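Remember, it's a predicted structure, so these values are computed and weren't measured experimentally.
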Amino acid sequence: MTESVKSLFTRDLNQLKKEIESYQNEEAIWKIDKDILNSAGNLSLHLVGNINHFIGAILGNSGYVRNRELEFSLKNIPKTELILQIEKTIEVVHSSLDQLSEEDMNKEYPIQALGYPMTIEYFLIHLFGHLNYHLGQINYHRRLLGVE
């Protein structure tokens with residue numbers, strides 16, 4: 001299970017990187033319009049912050065300190081910086097999940113992030129779903145607002 005989860009996070013974080021790289025106009029990464037209130041840039045920062053916190057800091061003891069408010073308020077971070085943050089997040093996923101045994105996956109996640117106890121395995125699956133939810137939003141954002 002650990003290897004499968006690591007592989008899936010790697011695959012879809014690489015897809016996130018590809019989505020950000022695909023914006024031809026860097027300013028469009030930060031565009032919002034009408035009812036689209038979160039830009040692709042802010043969703044990317046949110047995903048990086050979320051994964052670095054819940055996988056890196058909580059499971060991997062990385063020392064990462066999350067500032068969730070900045071994930072949605074920062075603007076105009078260069079595309080190259082977003083890509084670098086995604087690449088570093090992939091490394092954090094690897095280093096953190098490499099510390100877990102298959103037995104660890106059935107242990108209780110250290111905090112009740114969803115308001116109730118759950119296993120590490122359960123919460124990692126939840127985090128993977130969260131990544132994909134926002135990855136889909138970013139894909140639509142790019143195709144709707146990222147065109148010239």
Side-chain angles (χ1 to χ4, degrees), residues 1-102 104-105 109-111 113-114 118-148:
M1 181 68 177
T2 306
E3 286 302 312
S4 295
V5 169
K6 186 169 71 170
S7 175
L8 289 168
F9 270 99
T10 301
R11 180 194 72 188
D12 290 353
L13 284 166
N14 276 317
Q15 183 61 39
L16 173 61
K17 187 172 110 173
K18 183 178 174 185
E19 288 290 341
I20 297 301
E21 289 171 337
S22 295
Y23 279 86
Q24 295 183 4
N25 177 354
E26 194 162 332
E27 292 175 7
I29 294 170
W30 301 97
K31 189 174 181 181
I32 57 173
D33 187 43
K34 297 179 186 150
D35 291 331
I36 301 174
L37 303 178
N38 290 315
S39 69
N42 288 116
L43 289 171
S44 295
L45 291 173
H46 173 59
L47 288 169
V48 164
N50 191 63
I51 292 168
N52 273 286
H53 175 72
F54 288 117
I55 294 178
I58 304 292
L59 293 177
N61 298 309
S62 68
Y64 179 82
V65 177
R66 186 178 191 187
N67 187 334
R68 192 174 187 281
E69 287 182 21
L70 287 180
E71 295 167 13
F72 293 99
S73 64
L74 288 175
K75 304 291 179 212
N76 302 315
I77 307 296
K79 183 195 302 193
T80 54
E81 175 61 27
L82 288 175
I83 291 166
L84 182 63
Q85 286 187 29
I86 296 165
E87 290 171 344
K88 287 181 179 179
T89 301
I90 293 169
E91 293 172 13
V92 165
V93 167
H94 283 236
S95 64
S96 299
L97 295 184
D98 282 346
Q99 297 176 41
L100 298 178
S101 68
E102 291 300 320
D104 289 332
M105 296 294 274
Y109 188 75
I111 62 172
L114 302 177
M118 69 205 95
T119 64
I120 290 171
E121 177 181 82
Y122 179 95
F123 192 58
L124 288 173
I125 293 168
H126 166 80
L127 290 175
F128 181 68
H130 178 260
L131 166 61
N132 276 275
Y133 176 76
H134 289 312
L135 182 57
Q137 289 178 316
I138 291 166
N139 175 270
Y140 261 78
H141 180 278
R142 180 181 55 77
R143 292 187 287 139
L144 289 171
L145 301 180
V147 292
E148 307 259 333

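Residue Tyr23 comes nearest to Ala40 through the heavy atom pair OH-CB, 3.1 Å, listed as atom of the first residue, atom of the second, then distance. The two residues Tyr122 and Leu114 have their closest heavy-atom pair at CE2-CD1, 4.2 Å. Here the shortest heavy-atom pairing between Ser96 and Gly60 reads OG-CA, 3.5 Å.
Residues Asn42 and Glu71 form no side-chain contact, since every pair of their non-hydrogen atoms from C-beta on lies 4.5 Å or further apart. Taking the side chain as every heavy atom from C-beta outward, Leu131 and Leu13 approach each other to under 4.5 Å. Residues Asn52 and Ser62 are not in side-chain contact: their nearest non-hydrogen atoms beyond the backbone lie 4.5 Å or more apart. Side-chain contact check for Ile138 versus Leu47: some heavy-atom pair is nearer than 4.5 Å. Looking only at side-chain heavy atoms (C-beta outward), His134 and Leu16 stay at 4.5 Å or farther from each other. The shortest side-chain heavy-atom distance between Leu43 and His141 does not fall under the 4.5 Å cut-off. Counting heavy atoms from C-beta on, the side chains of Leu124 and Met105 come closer than 4.5 Å. Side-chain atoms of Ile32 and Asn38, non-hydrogen and from C-beta on, never get closer than 4.5 Å to each other.
Two rings, from Phe72 and His46, have their centers less than 6.0 Å apart.
Going from atom CG of Asn76 over to atom CD of Glu27 covers 7.5 Å, rounded to the nearest 0.5 Å. One finds the NZ atom of Lys18 at 8.5 Å from the CZ atom of Arg142 (value rounded to the nearest 0.5 Å). How far CD of Gln137 is from OG of Ser39: 11.0 Å, rounded to the nearest 0.5 Å. From Ser44, atom OG reaches atom CD1 of Ile83 across 9.5 Å, with rounding to the nearest 0.5 Å. The distance from atom NZ of Lys31 to atom CG of Leu144, rounded to the nearest 0.5 Å, is 10.0 Å. The distance from atom OG1 of Thr89 to atom CD1 of Ile55, rounded to the nearest 0.5 Å, is 9.5 Å.
Annotation: Glu102, atom CD; neighbour count of heavy atoms from other residues, nucleotides and ligands within 6.0 Å is above 12. Other residues, nucleotides and ligands contribute more than 12 heavy atoms inside 6.0 Å of the CD atom of Glu81.
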Side chain to side chain contact (heavy atoms under 4.5 Å, CB included) assessment of Arg66 paired with Asn50: CA-CA 8 Å; Arg66 186 178 191 187; Asn50 191 63; 3.5 Å; yes

Worked verdict on Ile51 versus Leu127 for side chain to side chain contact (heavy atoms under 4.5 Å, CB included): CA-CA 8 Å; Ile51 292 168; Leu127 290 175; 5.7 Å; no

Worked verdict on Met1 versus Ile125 for side chain to side chain contact (heavy atoms under 4.5 Å, CB included): CA-CA 10 Å; Met1 181 68 177; Ile125 293 168; 3.6 Å; yes

Criterion side chain to side chain contact (heavy atoms under 4.5 Å, CB included) on Glu87 and Leu84, from CA distance to verdict: CA-CA 5 Å; Glu87 290 171 344; Leu84 182 63; 4.1 Å; yes

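Ser95 places a side-chain N or O within 3.5 Å of a backbone atom of Val92 that can act as its donor or acceptor partner. At least one donor-acceptor pair under 3.5 Å links the side chain of Asp104 to the backbone N or O of Ser101. Formation of a donor-acceptor pair under 3.5 Å by the Asn139 side chain with backbone atoms of Leu135 is not found in this model. Put simply, the side chain of Ser7 never gets that close to the backbone of Glu3: no donor and acceptor are under 3.5 Å apart.
Note on ring orientation: taking the six-membered ring where Trp is involved, the planes of His126 and Phe123 are parallel (angle under 30°, cut-offs 30° and 60°). A tilted orientation is assigned to the rings of Tyr109 and Phe54, their planes being inclined by 30° to 60°.
No option in Glu91, His94, Gln15 other than His94 meets the side chain to side chain contact (heavy atoms under 4.5 Å, CB included) test with Thr10.
A salt bridge does not link Glu21 to Lys79: none of the charged side-chain nitrogens sits closer than 4.0 Å to a carboxylate oxygen.
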